[in-house]
Amino acid sequence: MVFIAMFLLYLQAYSLSVDFSVAQEEEVKIEVVHMPEECTKKSKKGDMLNAHYDGFLAKDGSKIYCSRSDNKGHPKWFVLGVGQVIKGLDIGMMGMCPGEKRKVTVPPSLGFGKLGKDKVPPNSTLIFEIELYTVARGPRSAESFQEIDLNKDRSLSQDEVSEYMKKEFEKGGNKRDQSFYDAIIADVFRKNDHNGDGFISAKEYNVYEHDEL
């Protein structure tokens with residue numbers, strides 16, 4: 001399920017990240033706003049998630065982040081539980097079903113702590129409204145590489161990546177026009193095809209070697 005491990009590189013520039021050295025004394029409050037009738041899998045640490053979320057300051061409701069605008073309208077891809085988002089979101093999105101919506105309240109110690117960041121003042125409690133679309137196997141999965149590699153030559157072509165991405169988006173009911181896929185694939189290969197041969201090798205697929213994460 002995870003060509004998106006590479007697709008993550010395209011979106012990761014918009015990630016909310018933070019130093020988690022602050023003490024984790026308080027708890028995340030999770031409110032389920034909508035639960036789908038069927039839940040075939042629940043999110044766990046190491047899964048790749050695709051979600052839209054808006055972030056607000058609890059004290060006055062002012063918006064600090066919106067994936068629909070800050071992320072060029074794309075749902076955000078990230079690996080759960082490895083620090084690619086603030087710790088409160090890592091906690092607040094555990095055990096979540098595709099199609100589920102949650103309201104997650106994050107205390108300062110699990111958000112941006114005593115220092116704050118950008119639009120977030122120091123010691124701020126945050127509220128996130130989250131809609132999860134997809135739960136997929138995490139990056140560096142041999143199974144996912146093999147699933148994308150249709151001709152089993154241990155390298156991924158643009159056609160193979162495109163076919164896989166279309167299939168995964170359509171599974172979640174998110175069919176897009178070809179220009180959407182073309183733009184993303186061009187950027188994925190620009191960032192991952194390090195030797196410029198037009199293919200992504202098994203070694204290049206190891207996304208955790210990249211600074212963008």
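None of these values were measured; they are calculated from a predicted model. Numbers here simply count residues along the sequence, with the first being 1.
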[X] and [Y]: which non-hydrogen atoms are nearest, and at how many Å?
{"X": "G81", "Y": "D90", "value": "N-OD1, 2.8 Å"}
{"X": "D54", "Y": "K63", "value": "OD2-NZ, 3.9 Å"}
{"X": "D149", "Y": "R154", "value": "OD2-N, 2.8 Å"}
{"X": "P75", "Y": "N50", "value": "CB-ND2, 3.1 Å"}
{"X": "Q146", "Y": "K152", "value": "O-NZ, 2.6 Å"}
{"X": "P107", "Y": "T125", "value": "CA-OG1, 4.3 Å"}

Backbone N or O of [Y] within a donor-acceptor pair of the [X] side chain at under 3.5 Å?
{"X": "D47", "Y": "K44", "result": "yes"}
{"X": "S155", "Y": "F199", "result": "no"}
{"X": "R102", "Y": "G92", "result": "yes"}

>> Is a donor from one side chain sitting under 3.5 angstrom from an acceptor on the other, for S157 and D159?
In response: no
Side-chain contact, heavy-atom cut-off 4.5 Å: [X] with [Y]?
{"X": "M93", "Y": "V104", "result": "no"}
{"X": "M96", "Y": "K42", "result": "no"}
{"X": "I64", "Y": "D118", "result": "no"}
{"X": "E131", "Y": "V33", "result": "no"}
{"X": "P98", "Y": "T134", "result": "no"}
{"X": "P108", "Y": "E26", "result": "yes"}
{"X": "P36", "Y": "C97", "result": "yes"}
{"X": "L110", "Y": "I86", "result": "no"}

Just how far is it from atom [atom1] of [X] to atom [atom2] of [Y], taken to the nearest 0.5 Å?
{"X": "I148", "Y": "L150", "atom1": "CD1", "atom2": "CG", "answer": "9.0 Å"}
{"X": "L132", "Y": "H34", "atom1": "CG", "atom2": "NE2", "answer": "11.5 Å"}
{"X": "K45", "Y": "I91", "atom1": "NZ", "atom2": "CD1", "answer": "11.0 Å"}
{"X": "Y65", "Y": "K76", "atom1": "OH", "atom2": "NZ", "answer": "4.5 Å"}
{"X": "L80", "Y": "L49", "atom1": "CG", "atom2": "CG", "answer": "5.0 Å"}
{"X": "T105", "Y": "I127", "atom1": "OG1", "atom2": "CD1", "answer": "4.5 Å"}

> Remaining members of F56's ILVMFWY cluster at a side-chain heavy-atom cut-off under 4.5 Å?
Replying inline: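 Once heavy-atom contacts under 4.5 Å are chained together, F56 still belongs with nothing else.
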> Under a single-linkage rule joining Ile, Leu, Val, Met, Phe, Trp and Tyr whose side-chain heavy atoms are separated by less than 4.5 Å, which residues share a cluster with M35?
Replying inline: V32
> Who passes side-chain hydrogen bond (donor to acceptor under 3.5 Å, both in side chains) against Q178, sequence neighbours left out?
Replying inline: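 side-chain hydrogen bond (donor to acceptor under 3.5 Å, both in side chains) list for Q178, sorted by chain: K166, D182.
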>> Between K103 and F128, is the side chain to side chain contact (heavy atoms under 4.5 Å, CB included) condition met? List the steps.
In response: CA-CA 6 Å; K103 179 179 177 181; F128 290 92; over 6 Å; no
>> Around atom CD of E163, are there more than 12 heavy atoms from other residues, nucleotides or ligands closer than 6.0 Å?
In response: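 At most 12 heavy atoms, drawn from other residues, nucleotides or ligands, come within 6.0 Å of this atom.
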> Parallel under 30°, tilted from 30 to 60°, perpendicular over 60°: which one fits the rings of F78 and Y53?
Replying inline: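 Rings of F78 and Y53: perpendicular, over 60°.
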